[in-house]
K.L.:
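Take a look at this one; I'll ask things after.
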Amino acid sequence: MILRRRIGDVHAVDQVSFQIRRNETLGLVGESGSGKTTIAKCMLYLEPPSSGDVFFEGKNITETFEKANRVQVLALRRRMQYIFQNPYASLDPRMTVADIILEPFEVHRHIPRDQWLERMYELLRMVGLEDYHAERYPHEFSGGQRQRICIARALAVDPKFIAADEPVASLDVSVRAQILNLLQELQQKLGITYLYISHDLSTVRHICHRVAVMYLGKIVEIAETDELFDNPLHPYTVALMSAIPVPDPKQKRHRIVLPGEVPSPINPPSGCRFHPRCPRRIDICSKEEPPLIEVRPGHWLACYNPWPPKHVFA
């Protein structure tokens, strides 16, 4: 093992295929390590995929990133941006807010220099900050304000697609609502498409039009938001839904606790990757991988023995 440079392959994302419609928010949920962030980074070529293609507005952008020149790559970067999960780590502590937001202008040169300051103040006001905040450093802001700065930085190049990687995970509940409402307002105003990654299923239901559920590098279920929350079919999705807290101490719910741990992506199980922990597994589950098929209009599922429709776990 010491002498070998390659010991094994990590199947972080394996044969995943999905579409995001224009001006839509697609939620991506699943346990930590299921491959959600890897998908987002591969889509923006922050992490070069080992295989497969990503299409944006009908063009194969994987080939563009691999073969195009700097001018073409920057033109594509302006249309696709990323909001990172941790606003405390994604902002340079030695740069003022003005420096942070002006940096995309310096890199891309997509607007005249004499418009930079005016555009910077416009972006600050757009995300709910004041003009005087431009002279401050990141450590002088709260978590919610820092995330607003990250959103303003992403909007600086007028993108059409934004991958938001748990943008409210480190924020208070009241601040979460403000950021989510801000994202929705910007979507309606600017026509932005989102890939929204989160562990918080309540925020997913609030902001997303469709939801895809991932487990160990695979999408196991994808449907319209209300359809998925009201009628989950995959045993893993049902287990996730059963864990959503109910704001009523008198109401009791049957919590489905899955046994064991998530297997290693280096050596995933044969057949269905969820079968070692699945309460509804049958013989075929350990032998053949279930295909992702459309079981109802707009509702896709990869399972040989799903829960019956309108299954109630309360």
Side-chain angles (χ1 to χ4, degrees), residues 37 40-41 43-48 56 61 64-65 68-172 174-176 178-187 189-197:
T37 297
K41 289 184 175 181
M43 291 175 68
L44 274 70
Y45 210 75
L46 300 178
E47 185 72 35
F56 179 67
I61 64 172
T64 302
F65 282 121
N69 56 39
R70 174 179 169 81
V71 174
Q72 294 173 312
V73 169
L74 287 179
L76 188 54
R77 289 282 186 209
R78 286 196 295 272
R79 302 185 66 79
M80 307 175 70
Q81 286 293 302
Y82 200 105
I83 298 175
F84 294 92
Q85 176 178 350
N86 187 355
Y88 293 87
S90 59
L91 299 176
D92 191 330
R94 297 168 296 179
M95 298 174 67
T96 64
V97 172
D99 295 332
I100 290 170
I101 298 179
L102 289 174
E103 186 177 31
F105 301 152
E106 296 176 359
V107 173
H108 292 274
R109 305 279 177 170
H110 58 294
I111 60 175
R113 179 181 285 271
D114 58 1
Q115 298 180 15
W116 287 7
L117 289 179
E118 180 183 353
R119 178 59 175 163
M120 178 194 67
Y121 290 126
E122 181 184 351
L123 287 168
L124 287 177
R125 292 189 290 269
M126 187 182 295
V127 298
L129 297 175
E130 302 294 337
D131 291 359
Y132 63 84
H133 286 144
E135 304 306 320
R136 295 185 179 181
Y137 289 88
H139 72 271
E140 301 179 77
F141 295 93
S142 66
Q145 289 175 318
R146 293 188 193 197
Q147 198 61 285
R148 291 174 186 268
I149 297 169
C150 294
I151 295 173
R153 178 177 60 183
L155 294 174
V157 291
D158 300 321
K160 291 302 179 184
F161 172 76
I162 294 179
D165 189 358
E166 300 191 43
V168 297
S170 59
L171 308 180
D172 293 335
S174 59
V175 181
R176 290 184 185 185
Q178 296 173 14
I179 298 298
L180 292 175
N181 291 334
L182 172 62
L183 292 175
Q184 288 182 312
E185 292 172 5
L186 293 173
Q187 184 176 53
K189 182 178 180 180
L190 304 175
I192 300 174
T193 302
Y194 293 120
L195 175 67
Y196 181 79
I197 300 172

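Atom set for the values below is all heavy atoms of this structure, side chains included, hydrogens, waters and symmetry mates excluded.
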K.L.:
For the CG atom of Leu44 and the CE atom of Met80, what is their distance to the nearest 0.5 Å?
P.N.:
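The CG atom of Leu44 sits 4.5 Å away from the CE atom of Met80.
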K.L.:
Among pairs that include at least one residue of residues 80-90, which meet salt bridge (charged side-chain N to carboxylate O under 4.0 Å, His left out), considering only residues two or more places apart or in two chains?
P.N.:
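Every candidate salt bridge (charged side-chain N to carboxylate O under 4.0 Å, His left out) pair involving residues 80-90 fails, so no pair, neighbours aside, qualifies.
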K.L.:
Please answer whether the main-chain N or O of Tyr132 pairs with a side-chain N or O of Glu135 as donor and acceptor at a distance below 3.5 Å.
P.N.:
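No.
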K.L.:
Quick one, Ile162 and Tyr194 - any side-chain contact, counting heavy atoms below 4.5 Å?
P.N.:
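They are in side-chain contact.
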K.L.:
What heavy-atom pair brings Leu129 and His133 nearest, and what distance separates the two atoms?
P.N.:
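Closest heavy-atom pair between Leu129 and His133: CB-ND1, 3.6 Å.
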K.L.:
Which residue pairs satisfy the salt bridge (charged side-chain N to carboxylate O under 4.0 Å, His left out) criterion with at least one member in residues 90-108, sequence neighbours excluded?
P.N.:
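Every salt bridge (charged side-chain N to carboxylate O under 4.0 Å, His left out) pair that includes a residue of residues 90-108, provided the two are not neighbours, is Asp92-Arg94.
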K.L.:
If you define the side chain from C-beta out and look only at heavy atoms, does anything of Gln72 sit under 4.5 Å from Asn69?
P.N.:
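Yes, close enough: below the 4.5 Å cut-off.
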K.L.:
Let me confirm one number: the CZ-CG distance from Phe56 to Leu76, rounded to the nearest 0.5 Å.
P.N.:
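Between Phe56 CZ and Leu76 CG, I get 7.0 Å after rounding to 0.5 Å.
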K.L.:
Check whether any side-chain heavy atom of Asn86 lies under 4.5 Å from a side-chain heavy atom of Glu166, and answer yes or no.
P.N.:
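Of all side-chain heavy-atom pairs linking Glu166 with Asn86, none is under 4.5 Å.
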K.L.:
Look up atom CZ in Arg125 and atom CE in Met120, then write down how far apart they are to the nearest 0.5 Å.
P.N.:
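If I round to the nearest 0.5 Å, the distance is 9.5 Å.
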K.L.:
Would a 4.5 Å heavy-atom cut-off, applied to side chains only, mark Leu91 and Tyr137 as touching?
P.N.:
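No; the side chains remain at least 4.5 Å from each other.
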K.L.:
Once you round to the nearest 0.5 Å, how far does CG of Asp165 lie from CG of Leu46?
P.N.:
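Answer rounded to 0.5 Å: 10.5 Å.
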K.L.:
Is there a side-chain contact between Met43 and Tyr82, using heavy atoms and a 4.5 Å cut-off?
P.N.:
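SC-SC contact between Met43 and Tyr82 ruled out.
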K.L.:
Hey, could you give me the CG/CG distance between Asp131 and Leu117, rounded to the nearest 0.5 Å?
P.N.:
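Rounded to the nearest 0.5 Å, the CG-CG separation comes to 10.5 Å.
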K.L.:
Using a 3.5 Å cut-off and no angle test, enumerate the donor-acceptor pairs between side-chain atoms of residues 142-158 and protein atoms at least two apart in sequence or in another chain.
P.N.:
{"unit_1": "Ser142", "atom_1": "OG", "unit_2": "Gln145", "atom_2": "N", "d": "3.4"}
{"unit_1": "Ser142", "atom_1": "OG", "unit_2": "Gln145", "atom_2": "OE1", "d": "3.4"}
{"unit_1": "Gln145", "atom_1": "OE1", "unit_2": "Ser142", "atom_2": "N", "d": "3.1"}
{"unit_1": "Arg146", "atom_1": "NE", "unit_2": "Pro138", "atom_2": "O", "d": "3.0"}
{"unit_1": "Arg146", "atom_1": "NE", "unit_2": "Phe141", "atom_2": "O", "d": "3.3"}
{"unit_1": "Arg146", "atom_1": "NH2", "unit_2": "Pro138", "atom_2": "O", "d": "3.3"}
{"unit_1": "Gln147", "atom_1": "NE2", "unit_2": "Pro167", "atom_2": "O", "d": "2.5"}
{"unit_1": "Arg148", "atom_1": "NH1", "unit_2": "Val127", "atom_2": "O", "d": "2.7"}
{"unit_1": "Arg148", "atom_1": "NH2", "unit_2": "Gln178", "atom_2": "OE1", "d": "3.0"}
{"unit_1": "Arg153", "atom_1": "NH1", "unit_2": "Ser90", "atom_2": "O", "d": "3.0"}
{"unit_1": "Arg153", "atom_1": "NH2", "unit_2": "Ser90", "atom_2": "O", "d": "3.1"}
{"unit_1": "Asp158", "atom_1": "OD1", "unit_2": "Arg119", "atom_2": "NH2", "d": "2.8"}

K.L.:
Any salt bridge (charged side-chain N to carboxylate O under 4.0 Å, His left out) pairs touching residues 108-118, not counting sequence neighbours?
P.N.:
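Found none.
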K.L.:
Do the side chains of Phe161 and Gln81 get nearer than 4.5 Å, heavy atoms only?
P.N.:
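A side-chain contact is absent here, since even the closest heavy-atom pair is not under 4.5 Å.
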K.L.:
The criterion is side-chain hydrogen bond (donor to acceptor under 3.5 Å, both in side chains); which residues satisfy it with Arg79, sequence neighbours excluded?
P.N.:
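Arg79: side-chain hydrogen bond (donor to acceptor under 3.5 Å, both in side chains) contacts with Glu57.
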K.L.:
In the structure I gave you, are the side-chain heavy atoms of Glu130 and Leu124 within less than 4.5 Å of one another anywhere?
P.N.:
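Not touching, per the 4.5 Å side-chain cut-off.
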K.L.:
When rounded to the nearest 0.5 angstrom, what distance separates NE2 in His110 from CD in Gln115?
P.N.:
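That separation rounds to 10.0 Å.
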K.L.:
With sequence neighbours left out, write down each residue that passes side-chain hydrogen bond (donor to acceptor under 3.5 Å, both in side chains) with Tyr196, or none if nothing qualifies.
P.N.:
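So Tyr196 forms a side-chain hydrogen bond (donor to acceptor under 3.5 Å, both in side chains) with Thr203.
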K.L.:
Give a yes or no on whether the backbone of Ile192 and the side-chain of Gln187 come within a donor-acceptor separation of less than 3.5 Å.
P.N.:
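Pair found, side chain donor or acceptor close to backbone of Ile192.
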